[in-house]
Engineer: 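One structure, pasted below without further comment.
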There are 2 protein chains.
Amino acid sequence: MKVLHDDCLTLLPTLEEDSVQLVYLDPPFFTQKEHFLRTRDNSTEYSFKDNWRSLEEYLSFMQNVLSQCKRVLKKSGSIFFHCDKAAAHHLRVLLDSVFGSKNFQSEIIWAYKRWSNTKKGLLNSHQTIYFYSKSADFKFNTIYTAYSPTTNIDQILQARRRNGFGKVVYHRDEEGQVILAKEKKGVPFSDVWSIPFLNPKAKERVGYPTQKPILLLERIIQISTDSGDTVLDPFCGSGTTLVAAKLLGREYIGIDSSIEAIRLAEKRLTEPVKTDSQLLFTGETSYLEKTDYERAILKSIDALPVERNSGIDGFLRSYIEGSPVSVRIQKQNEDLETAKQKLLRASQSKNCAVMILVRTHRTTEWLNYAQEEPKIMIIDSYDLVIEEWLERRKTIEVTSADK
Amino acid sequence: MKVLHDDCLTLLPTLEEDSVQLVYLDPPFFTQKEHFLRTRDNSTEYSFKDNWRSLEEYLSFMQNVLSQCKRVLKKSGSIFFHCDKAAAHHLRVLLDSVFGSKNFQSEIIWAYKRWSNTKKGLLNSHQTIYFYSKSADFKFNTIYTAYSPTTNIDQILQARRRNGFGKVVYHRDEEGQVILAKEKKGVPFSDVWSIPFLNPKAKERVGYPTQKPILLLERIIQISTDSGDTVLDPFCGSGTTLVAAKLLGREYIGIDSSIEAIRLAEKRLTEPVKTDSQLLFTGETSYLEKTDYERAILKSIDALPVERNSGIDGFLRSYIEGSPVSVRIQKQNEDLETAKQKLLRASQSKNCAVMILVRTHRTTEWLNYAQEEPKIMIIDSYDLVIEEWLERRKTIEVTSADK
DNA sequence: AGGGAGCCTGAATCCTCAA
DNA sequence: GTTGAGGATTCAGGCTCCC
């Protein structure tokens, strides 16, 4: 339970051999720049340098760190090495050479959505964590997750076997009764982790650059240690790893070369703050407010769906007359006038020159809104057109039959 | 447009320099087997040196391949290298040395869900594709996706600027009116792609275990080439890349050292109709058959897409008057009469009481087919309705301005 | 030409105001 | 007071532009 201030190459050799269950490393990524960030109240600026004379210098430094990490690790211990695209491949070559390629366990992909930028090409939205063990006999706690909603309950509960043709079928006894499968715990964790990026507005943020979400560290600690085990973070920064370790009842050792970081980590440890991600808590689907039907209509007019707005369902991708075009789909149990008013009100502040209202059923057939309100275009949904055509056809048939 | 049979190191030098826009590499399995055998028996019997030597051989072979790929690539061209995770880091080091690390564009993560196994540790559920360009001036078509559901529309639509204190605020004019941002088309694609593995049924039909999902290749081809460009796959296997290229209107060159693979690829290419409908007629994987636009229209009228029928694009899920309803969407460069004839002919044997023809552009406005042919319902596409509404609006404005 | 300052972007939060 | 809809804010990365 200590937070130590010095270069980790100085301090690591002072730690006892075979004493640590988990090493988590979040070193500089070889971005070749200095990272700054201010606290929300603007009082303090934290920074760290990630400038190196060459890749060789960087790798040689990391090699020394890794050798020390291996020394202090218990035989059943593991190392999780956090890196990004800048040097991930070189670092994995290094890890292979220090820990042995046979001790490679996983390439964990931390995938997240984040605000975009103007990069040509694909938006970067993942970082890599290499998971190596010290030996084949490493500690690992399998965590099970819920089955995906598309898995049906029979698949989970019923035993299966191959029938005469080699096809897998549900197992039943002679009387046709279902045979239950062995107890199942869920789906084991995969190596692709979708964890929200620590949002700029999150209270969990302490103003230290490159801060990682506590949730990410909790997961690493849970799969590789038991309570009472020791966790080491040689580049602890603001101390996220230590906070996670403390919350989970693990011992911890943190090292950082910046005294500001150490002070911040110590402060966080006395009063740890973990905010629950609203998104993670409620799930992304809770933000989705449209039916499949509405989405299909939006897609077929190449409109972008928009959530969190009760008046507007989407926007056309292209502007008309220099301004955006809002789209609303008439809801069930909503008459056209109401739909129109909602669309108008919501679009008011958006400077729309034209609005599109998709009529899905006919409640006020006699009105001709297109004339009345020249900014609103009313389109009949395909369904409505088909329905009315069929009705008209029936009438015609009846009429001709009458003759 | 050729499929060549020989070792790619023999054939690549015969290809013209600066002639190819995209190289997709999915290297052969035999080297992987070697690698897997070593990791599977998990013994330390194999000395590091032995393994290193075979790895070196492999890398030296790949280095030659990559040099040739670079030679045949146009200056604006790109290479997508699909890696086996066991050697991904070594291959990226190689790619760095051949193409230059400054031409590294993305590490694409292909993430998928998979049935769990009993492996200790995390479930592998991703593969890596490295994306390098030949120069800084590479071709790239950005694909835009929907905004996150947590995003509110103000930040998309409103322009922002810095106020006196350097803080970013929404831009407003003197009267406090919102100032619009430039037109936005959505969020650019990220480097983490969730694409399901091939549907097991489809897999069964082709019998090619290493086959990649067609959607994956389609996406790669779309972001890095335009129609008419040439795609090269030096390890083409069953030819999925070539089929995708052909159906997207790209030229293609495929190479494989296995004569069985070449024969299969050639067969798929000469009769893509049959083979691919077999491959793809298993529900959601029908990505190549229809344009997104057509699929969206079919979905919004709740119609099931039909693959590879030159007259019919889909059927309504529900029958009308006891018989199926065929749907056709008027193609670009096709006049309504032609569309109608094709639909009629294709529907003849299907006993349709009603047919739906979606008009997407107006070539023969004066005709009223609904009267003439009571079995065919003609629906104007949303796009067409919008377009004509805007034109009418313009006319009205001009007229009122005249007054 | 090269380096640094500043701009643009949107995810997910916080905050405000109205009902 | 309570709720919640929707407006406002922050951050980092890659770009462009300017000196």
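Letters go in sequence order (proteins before strands), and every chain restarts at 1.
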Engineer: 5'-most contact on DNA chain C: N117(A) or P196(A), nearest heavy atom basis?
Structural biologist: N117(A)
Engineer: The side chain of N199(A) lies closest to which of these nucleotides: dA8(D), dG6(D), dA11(C)?
Structural biologist: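 So the side chain of N199(A) is nearest to dA11(C).
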Engineer: What is the distance from CD of E34(A) to P of dG13(D), rounded to the nearest Å?
Structural biologist: 14 Å
Engineer: Verify the contact: side-chain N or O of T118(A) to OP1 or OP2 of dG13(D), cut-off strictly under 4.0 Å; return yes or no.
Structural biologist: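 Negative; the distance criterion is not met.
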Engineer: Is any side-chain nitrogen or oxygen of S310(A) closer than 4.0 Å to OP1 or OP2 of dG6(D)?
Structural biologist: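 So the side-chain polar atoms of S310(A) do come within 4.0 Å of the phosphate oxygens OP1 or OP2 of dG6(D), strictly under.
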Engineer: Round to a whole Å and report the spacing from NZ of K182(B) to C1' of dC15(D).
Structural biologist: 11 Å
Engineer: Can you check the L122(A) CG to dG14(D) P distance for me, whole Å?
Structural biologist: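 Interatomic distance, CG of L122(A) to P of dG14(D): 12 Å.
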Engineer: What's the CD-P distance between E204(A) and dC14(C), to the nearest Å?
Structural biologist: 11 Å
Engineer: Indicate, with a heavy-atom threshold strictly under 4.0 Å, whether R172(B) touches base, sugar-phosphate, or nothing.
Structural biologist: sugar-phosphate
Engineer: Should the pair K299(A) and Y293(B) be classed as cation-pi, given the thresholds of under 6.0 Å to the six-membered ring centre and 45° from the axis?
Structural biologist: no
Engineer: At less than 4.0 Å, is any side-chain N or O atom of T151(B) found next to OP1 or OP2 of dA11(C)? Yes or no.
Structural biologist: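 For dA11(C), OP1/OP2 do have a side-chain N/O of T151(B) under 4.0 Å.
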Engineer: For R114(A) and dT10(D), give me the distance from atom CZ to atom C1', rounded to whole Å.
Structural biologist: 13 Å
Engineer: Taking atom types as they are modelled, is there a donor-acceptor pair under 3.5 Å from the base of dG7(D) to the side chain of N152(B)?
Structural biologist: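 A donor-acceptor contact between them is present.
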Engineer: When you match T39(A) and D154(B) each to their closest nucleotide on DNA chain D, which lands nearer the 5' end?
Structural biologist: D154(B)
Engineer: Heavy-atom nearest nucleotide on DNA chain D for Q155(B) versus N309(A): which residue maps closer to 5'?
Structural biologist: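 Upstream on the strand: N309(A).
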Engineer: Give the nucleotide from the list dA11(C), dG10(C), dT9(D) with an atom nearest to the side chain of Y170(B).
Structural biologist: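 Among the listed nucleotides, the one closest to the side chain of Y170(B) is dT9(D).
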Engineer: According to the interplanar angle, ranging from 0 to 90°, do the rings of Y58(A) and W52(A) count as parallel (below 30°), tilted (30 to 60°) or perpendicular (above 60°)?
Structural biologist: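 Plane angle over 60°, so perpendicular.
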Engineer: Would you please indicate if the ring centroids of Y130(B) and F81(B) are separated by under 6.0 Å?
Structural biologist: no
Engineer: Would you mind telling me which of dT9(D), dG10(C), dA12(C) lies closest to the side-chain atoms of V169(B)?
Structural biologist: dT9(D)
Engineer: Of all the nucleotides listed (dA12(D), dT10(D), dA8(D)), which has the minimum atom distance to the side chain of R205(A)?
Structural biologist: dA12(D)
Engineer: Considering every strand and a 4.0 Å limit on heavy-atom distances, what is the contact class for K350(A): base, sugar-phosphate, or nothing?
Structural biologist: sugar-phosphate
Engineer: Anything under 30° is parallel, anything over 60° is perpendicular, the rest tilted; go ahead and classify W110(B) against H82(B).
Structural biologist: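 W110(B) and H82(B): perpendicular rings.
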Engineer: Within the structure, does a side-chain N or O atom of N124(A) lie under 4.0 Å from either OP1 or OP2 of dG14(D)?
Structural biologist: yes
Engineer: Does the ring center of Y24(A) lie less than 6.0 Å from the ring center of F80(A)?
Structural biologist: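 They do not qualify: ring centres at least 6.0 Å apart.
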Engineer: Examine W193(A) together with Y112(A) and report whether their ring centres are nearer than 6.0 Å.
Structural biologist: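 So the answer is no for these two rings.
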Engineer: Picking from dG13(D), dC11(D), dA11(C), which would you name as closest to the side chain of L37(A)?
Structural biologist: dC11(D)
Engineer: With heavy atoms under 4.0 Å as the rule, sort G186(B) into base, sugar-phosphate or nothing.
Structural biologist: sugar-phosphate
Engineer: Could you check whether T150(B) gets within reach of a base, just the sugar-phosphate, or nothing at all, counting any heavy atom under 4.0 Å?
Structural biologist: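 Touches a base.
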Engineer: Between K120(A) and dC8(C), does any side-chain N or O lie under 4.0 Å from OP1 or OP2?
Structural biologist: no
Engineer: Has the side chain of R308(A) got a donor or acceptor atom sitting under 3.5 Å from an opposite partner on the base of dG7(D)?
Structural biologist: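 Counting by modelled atom types and ignoring angles, a donor-acceptor contact under 3.5 Å is found here.
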Engineer: Between dT9(D), dG14(D), dG10(C), spot the one nearest the side chain of K201(A), thanks.
Structural biologist: dT9(D)
Engineer: Which whole-number value in Å describes the distance from D50(A) CG to dG13(D) P?
Structural biologist: 11 Å
Engineer: dG13(D) C1' sits how many Å from H126(A) NE2, rounded?
Structural biologist: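 That distance rounds to 15 Å.
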Engineer: Of the nucleotides dT9(D), dT9(C), dG7(D), which one has an atom closest to the side chain of S116(A)?
Structural biologist: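 Minimum distance to the S116(A) side chain belongs to dT9(C).
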Engineer: I need the CZ-P distance between R38(A) and dC11(D), as an integer number of Å.
Structural biologist: 11 Å
Engineer: Without hydrogens or angle criteria, can the side chains of H89(B) and E107(A) be said to hold a donor-acceptor pair below 3.5 Å?
Structural biologist: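 No - no donor-acceptor pair under 3.5 Å links their side chains.
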Engineer: What contact category does R160(B) fall into here, base, sugar-phosphate, or nothing, at under 4.0 angstrom with non-hydrogen atoms?
Structural biologist: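 Base, at least one base heavy atom under 4.0 Å.
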